[in-house]
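Report on the structure given below.
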Amino acid sequence: MPGFELIGNEEFEELKDLFDRSKILFRHGFDAIRNGVYKVRDFELAFAEHFGYKDALAVTSGTAALKVAIKAAGIGKGDEVITQSFTFLATVEAIVEAGATPVICEIDESLNMDPSLLESLITPKTKMIIPVHMLGVPAKMDQILTIARKHKLLVMEDTAWGCGGKFQGKYLGTLGDIGSFSFDFAKIITTGEGGMIVAKDQNLLDRAKAYHDHGHENNPKLPRWEDSRSSSGFNYRMTEMQGSVGLAQLKKLNTIVEAQRKNQAKIKSIVSQFQGIRFREVPETGEETADALVFFTETPEKAKEFRAAMLEQGLGTKILPEAISWHFAGTWNHIEELNSKYNSLENAFPKSLELLNKSVAIPIQVNMQEQALEKINSAMIKVFKGK
Ligand SMILES: *Cc1c(COP(=O)(O)O)cnc(C)c1O
């Protein structure tokens with residue numbers, strides 16, 4: 001989770017540069033007095049380039065990125081959007097906020113969307129599929145895209161957790177029609193709060209730009225106060241402070257992912273020495289961000305016991321098993337649109353629930369202390385038998 005672990009001088013220098021040279025904290029306008037400093041725009045262009053695009057749109061959060069993209073795709077009332085049962089509830093909130101109906105697909109042993117169940121959920125109302133690369137493991141994008149193409153549906157990858165991971169050699173977020181990213185404080189790179197959208201269709205991205213900015217088309221021929229507009233919108237604009245931090249964090253993305261992979265491998269070699277555990281499936285051509293190491297225990301009790309043993313060591317687990325209720329759709333009966341769609345929400349996704357209840361996620365850090373390995377080993381010894 002680790003962008004925040006590396007916040008330091010580079011981020012401060014970017015902010016200092018903003019304050020030294022410009023002091024304009026708004027991304028638009030003030031051209032005569034900002035000295036050519038446009039941090040959000042620079043961040044967008046650098047991000048786009050890293051991911052092989054010409055353009056990108058920065059927004060206020062990953063949740064906003066999802067909503068803005070759904071709106072820009074013209075999806076709303078009466079439309080259905082399919083996502084997966086295991087995700088942060090923001091994915092479903094964004095669908096609901098856009099006015100569409102969320103439809104939930106169960107997960108398989110990769111803990112991501114089960115492509116074998118996806119097609120049965122498609123109806124004439126379905127407009128978009130949102131697979132999520134949960135905890136940094138790539139979703140089975142090949143199978144999901146094949147189904148989507150057959151039914152002419154848009155695919156948006158919720159890449160909040162997948163920034164820097166790959167599938168079939170391509171960056172997560174660039175396989176589908178749209179990629180949405182989060183830079184909240186717990187994500188791979190962070191701007192405190194923030195998000196990004198990339199899209200294959202520049203027209204869609206342009207509509208997203210307008211929507212996130214009250215409909216402003218930023219027509220270069222007009223001053224902003226006389227700007228043209230052709231759709232309604234809202235305000236999801238990123239500030240220049242966030243853009244500054246983002247520029248510095250993006251330069252650290254590769255370092256972060258490499259360090260996580262190395263540390264994940266070390267932890268995996270310890271966990272592998274024990275009986276009664278099975279690792280989460282990672283698709284064959286998938287390259288994780290290695291944000292966590294996830295394994296299944298034989299019973300839900302064992303998962304809870306392991307968390308307790310980790311806490312005793314002064315360590316913790318990550319989401320699984322302790323925060324299932326924020327990440328499993330079967331528990332979200334407070335979301336009316338879900339509650340009314342499913343007769344008995346808590347029993348609607350039995351396969352997902354069974355898998356999640358016996359899952360454990362060990363968080364991976366960039367700056368891992370070697371001591372942590374001994375502590376994890378001690379926690380494992382307490383709960384599982386050695387091989
Ligand atoms: C973090 C997260 C989001 C939301 O991002 P915010 O920037 O916190 O709004 C959306 N989807 C998933 C899967 C996430 O983990």
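Indexing begins at 1, ligand by ligand and atom by atom, following the structure's order.
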Checklist outcome for this item: among protein heavy atoms, the one nearest atom 11 (N) of ligand 1 is D158 OD2, 2.8 Å
Checklist outcome for this item: For G194, the ligand 1 atoms with a heavy-atom partner under 4.0 Å come out as 7 (O)
Next on the checklist: Please classify the A160 to ligand 1 contact at 4.0 Å (heavy-atom distances, strictly less than): side chain, backbone, both or neither.
Outcome noted: side chain
Checklist outcome for this item: The closest protein heavy-atom partner of atom 5 (O) of ligand 1 is S182 OG, 3.2 Å
Checklist entry - For W161, is at least one N or O under 3.5 Å away from an N or O on ligand 1? => result no
Checklist entry - Salt bridge between R41 and D55, side-chain N to carboxylate O under 4.0 Å? => result yes
Next on the checklist: Using 30° and 60° as the class boundaries, would you call the ring planes of H50 and Y171 parallel, tilted or perpendicular?
Outcome noted: tilted
Next on the checklist: Is it true that T317 and E322 share a donor-acceptor pair across their side chains at a distance under 3.5 Å?
Outcome noted: yes
Checklist entry - Which atoms of ligand 1 are found less than 4.0 Å from any heavy atom of K187? => result 1 (C), 2 (C), 3 (C), 14 (C), 15 (O)
Next on the checklist: Could you check whether Y342 and F349 have their ring centres less than 6.0 Å apart?
Outcome noted: yes
Next on the checklist: Is it the case that the ring center of F183 lies less than 6.0 angstrom away from the ring center of F43?
Outcome noted: yes
Next on the checklist: Over 60° means perpendicular and under 30° means parallel, so tell me whether F295 and F384 are parallel, tilted or perpendicular.
Outcome noted: perpendicular
Next on the checklist: So if I count the atoms of ligand 1 from 1 in the order they appear, which ones are less than 4.0 Å from some heavy atom of T91?
Outcome noted: 11 (N)
Item to check | Proximal atoms of ligand 1 relative to V132 (non-hydrogen, under 4.0 Å) | outcome: 13 (C)
Item to check | Per-atom contacts of ligand 1 with T87, taking only distances under 4.0 Å to non-hydrogen atoms | outcome: 13 (C)
Checklist entry - Does K67 make a cation-pi contact with F234 (under 6.0 Å, within 45 degrees of the axis)? => result yes
Item to check | For ligand 1, the portion of T63 having any non-hydrogen atom under 4.0 Å away | outcome: both
Next on the checklist: For a quick check under 3.5 Å, do Y38 and H28 share a side-chain donor-acceptor pair by atom type?
Outcome noted: no
Item to check | Electrostatic pair K140-D108, nearest N-O below 4.0 angstrom | outcome: yes
Next on the checklist: Any nitrogen or oxygen of E193, side chain or backbone, less than 3.5 Å from one on ligand 1?
Outcome noted: no
Next on the checklist: So if I count the atoms of ligand 1 from 1 in the order they appear, which ones are less than 4.0 Å from some heavy atom of D184?
Outcome noted: 1 (C), 6 (P), 7 (O), 8 (O)
Checklist outcome for this item: Within 4.0 Å of some non-hydrogen atom of S61, the atoms of ligand 1 are 7 (O), 9 (O)
